[in-house]
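Whatever order the structure lists ligands and atoms in, that order sets their numbers, starting from 1.
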Amino acid sequence: MSKEFVERMMETVVARNPGETEFHQAVREVAESVAVVIDKNPQFAKMKIFERMVEPERQMIFRVPWMNDKNEVQVNRGFRVQFSSAIGPYKGGIRFHPSVYLGIVKFLGFEQIFKNALTTTPIGGGKGGSDFDPKGKSDNEVMRFCQAFMTELFRHVGPDTDVPAGDIGVGGREIGFMFGQYKRLTNSYTGVLTGKGLEWGGSLVRTEATGYGLVYFVTRMLEAKGKSWKGLDVVVSGSGNVAIYAVEKAHQLGARVVAVSDSNGYIVDSKGINIDTVKQIKEVERGRIKEYVQRHPSAKYHEGCADIWSVPCQVALPSATQNEIDEAAARQLVKNGCLAVGEGANMPSTPEAIQVFLDNNVAFGPAKAANAGGVATSALEMCQNSMRLSWTFEEVDARLKLIMNSIYEQCTKAADAYGQKGNLVAGANIAGFLKVAKAMMAQGLV
Ligand code: NDP
C-alpha cells in the first residue's frame, strides 16, 4: 500500500505540475515518509489530506517592471505561493536569484509547511521570490526593484495573512526597501515582514538564527553519537547569512571550520576560517570569497564550488543551495570520515546522497528540522511585534535553543513511533505532517 500510495501521488503531482522537478523531489521525499502514517490513519486518506497538501491554497505570478541606472526598462517575474494556512498565517522567505521559477518557489513553500509545523509556533507555509539577480546592482537599483515587487505583493500579504522574510539574495537591505514600500502603500506600520532592522521592529538573534539553530540541532546529533564539537573539523558551503552564523557558532563551541564557498569557488584555511574577514567581504563589501586569500595568504582558493565536499571533515553543513551534495560528494564525505551532516540550506542533498548517509551511519539532520531556527525566530519577531516590545539577545537565543531541542525530540520520537529509529528525515516529515493533518481534519474541507 505504501509504495502504491507514493507512486499514485507522484503520478498526479508530476502530471499536474509539469517540469517542476525540485517540487516533485520535495513531494516524493515527504510522501515516502508519511505513507506509513496514512496507512495507519485511514481518515487521512478519506479526507485526502496529502492530496490537499500538495495543492497550494493560492499562488500568484506577477510582472515586476522597474528602471535600471541607465534608465532602461527591466522586466522580472515575481512569485508568491501560499501553500498552507492550517496552523497559522502563511510564512516563508522571498528568494531573489536568476534561477527562480515556479518549481523552486513551490518546493520551498511545500517544505516550509512541515518545517513551520515543527517549530512549535503557529505559522503556516508559503514562499516567494523573483528571477531578479541583486548581484552587481546598485543600491538604488535594488531599491527600485524591491519597491516594484512590493507594489504588487502588498495586496496579498499582511501581519495576520502572510508574513514573508529573507532567503537567498534577500537580506536586511531588501527587507528594508520592501517594508518601506508596504508601509507607504497601506499607511500602516505592522509586522508584515520579518528580518527587519533592530531599530524598526526587528528581533535580536534573527540574523544569526538559522546558522546558530543549525549548530544547536547538530549538537544534539553529535551528542547521540557521544561526541561534542570540540576539536572537530567542519566544512560549510556558502558564505551568506546561514553559513556565516553557522561558522561563528561552530567556532564558539570549539570546532574548526576549514572551508567556506560562494557560487564561484571555495577557500580552505587549515588554521580555521576567520569569520570577521568573511563578514567584512560578504556583509559589508558584498565581494567574492576569493578575496579572502588576499587577506590570509596561507589560505587557498579553488575555482568552482562542487569540490568543497572533498575537503576532509567530521561535520558537513551545506548552507548554500538545493542539490549541492550529490551521491559522489556524499561518498567522498563518508570516505573522509564524516560523522554528521546538518542541512543549513533547503534540500541541499539529493535523494541518492541522503541514502548514502543513512546507509553509512552518518548522522543526518534534514533541512526541515535543522534549519528551522530561522523561521522560528521570525515567529518570535512576529510575537514581539504584536506585543510591541523587544526581548533581549539572551532571551531570544534561549528560546531558539529550546525550540531546536524540541524539534530534535519531535523528530526522534516520531521516527521511533513509526519504526524508523534514528532516521531524522522520516521523523521530521512524520511529525510535521501529523500536526498539519490534525489541524486540517479539525477545520473541515477547506
Ligand atoms: P544568502 O543569499 O545570504 O547566501 C547564499 C550563499 O550561497 C552565498 O554564498 C551564495 O553565493 C551561495 N549560493 C547561492 N546560490 C548558489 C548556487 N546556485 N550555487 C552555489 N552557491 C550558491 O542566502 P542564505 O544564507 O539566506 O540562504 C542559503 C540557504 O539557506 C538557502 O537554501 C535558503 O533557502 C536556506 N535557508 C535560509 C534561511 C534564512 O534565514 N536566511 C532559513 C532557512 C533556510 P553567491 O554570493 O556567489 O551567490
Return the closest protein heavy atom for atom 39 (C) of ligand 1 as residue, atom name and distance. T210 OG1, 3.4 Å

Closer than 4.0 angstrom, basic N to acidic O: yes or no for E208 and K249? no

Which ligand 1 atoms, with their elements, are less than 4.0 angstrom from a heavy-atom of K282? 46 (O)

So that I can tick it off, tell me whether E29 and K368 are bridged by a salt bridge, with the cut-off set at under 4.0 angstrom between side-chain N and carboxylate O. yes

Atom 4 (O) of ligand 1 [closest protein heavy-atom partner, distance rounded to 0.1 Å]: G240 CA, 3.2 Å

Would Q322 count as a contact of ligand 1 if the rule is a heavy atom under 4.0 Å away? no

Are the charged groups of D167 and K127 less than 4.0 angstrom apart, N to O? yes

When distances are taken from atom 19 (N) of ligand 1, the protein heavy atom at minimum range is T321 CG2, 3.7 Å

Near R173 CZ, under 6.0 Å, is it more than 12 heavy atoms from other residues, nucleotides or ligands? yes

Do the non-hydrogen side-chain atoms of P89 and D160 ever get within less than 4.5 Å of each other? no

Here the atoms of ligand 1 under 4.0 Å from any heavy atom belonging to A345 are 29 (C), 30 (O), 32 (O), 35 (C)

For ligand 1, which atoms have a heavy atom of R95 less than 4.0 angstrom away? 31 (C), 32 (O), 33 (C), 34 (O)

Taking only heavy atoms of G344 into account, list the atoms of ligand 1 that are under 4.0 Å away from them. 30 (O), 35 (C), 36 (N), 44 (C)

So is K135 close enough to ligand 1, meaning a heavy atom under 4.0 angstrom away? yes

Do NZ/NE/NH1/NH2 and the carboxylate oxygens of K300 and D269 come within less than 4.0 Å? no

Under 4.0 Å, counting heavy atoms only: does G171 come that close to any atom of ligand 1? no

Relative to the heavy atoms of H97, which atoms of ligand 1 are at a distance of less than 4.0 Å? 15 (N)

Specify the protein heavy atom at minimum distance from atom 23 (O) of ligand 1: its residue, its atom name, and the distance to 0.1 Å. I168 CA, 3.4 Å

For atom 37 (C) of ligand 1, state which one of L108, N264, V242, N241 supplies the nearest heavy atom. V242

Can you find a side-chain donor-acceptor pair between S130 and R77 that sits under 3.5 Å? no

For atom 22 (C) of ligand 1, grab the closest protein heavy atom and report residue, atom and distance to one decimal in Å. S263 CB, 3.8 Å

Under a 4.0 Å heavy-atom limit, does R288 contact ligand 1 with its side chain, its backbone, both, or neither? side chain

Using a cut-off of 6.0 Å, state whether more than 12 heavy atoms not belonging to K335 lie near its atom NZ. no

For atom 9 (O) of ligand 1, the closest protein heavy atom turns out to be S239 N, 2.9 Å

Under 6.0 Å from the ring centre and within 45 degrees of the ring axis: does the NZ or CZ of K183 meet both conditions for the six-membered ring of F154? no

What protein heavy atom sits nearest atom 12 (C) of ligand 1, and how far away is it? A320 CB, 3.9 Å

Within a distance under 4.0 Å of any heavy atom of N371, pick out the atoms of ligand 1 and give their elements. 43 (C), 44 (C)

Could you tell me whether E223 and R220 have a side-chain N and a carboxylate O separated by less than 4.0 Å? yes

Using a plain distance cutoff, I'd like to know if G238 has any nitrogen or oxygen under 3.5 Å from a nitrogen or oxygen of ligand 1. no

Applying a 4.0 Å heavy-atom criterion (strictly less than), which segment of E324 is in contact with ligand 1: side chain, backbone, both, or neither? neither

Look at atom NZ of K279 and say whether more than 12 heavy atoms of other residues, nucleotides or ligands are closer to it than 6.0 Å. yes

Hey, are K91 and E381 close enough for a salt bridge, meaning a charged N less than 4.0 Å from a carboxylate O? no

At what distance is the nearest protein heavy atom to atom 33 (C) of ligand 1, and which residue and atom is it? D167 OD1, 3.2 Å

With a 4.0 Å cut-off, would you call R58 and D162 a salt bridge? no

Would you call R206 a ligand 1 contact, heavy-atom distance under 4.0 Å? yes

Taking the six-membered ring for Trp, are the ring centroids of F149 and F177 within less than 6.0 Å of each other? no

Relative to the heavy atoms of S319, which atoms of ligand 1 are at a distance of less than 4.0 Å? 28 (C), 29 (C)

Distance in Å, Y182 OH paired with L193 CG, rounded so as to fall on 0.5 Å steps: 8.5 Å

Which bit of A372 is near ligand 1, meaning a heavy atom under 4.0 Å away: side chain, backbone, both or neither? neither

Any nitrogen or oxygen of N346 lying under 3.5 Å from a nitrogen or oxygen in ligand 1? Just yes or no. yes

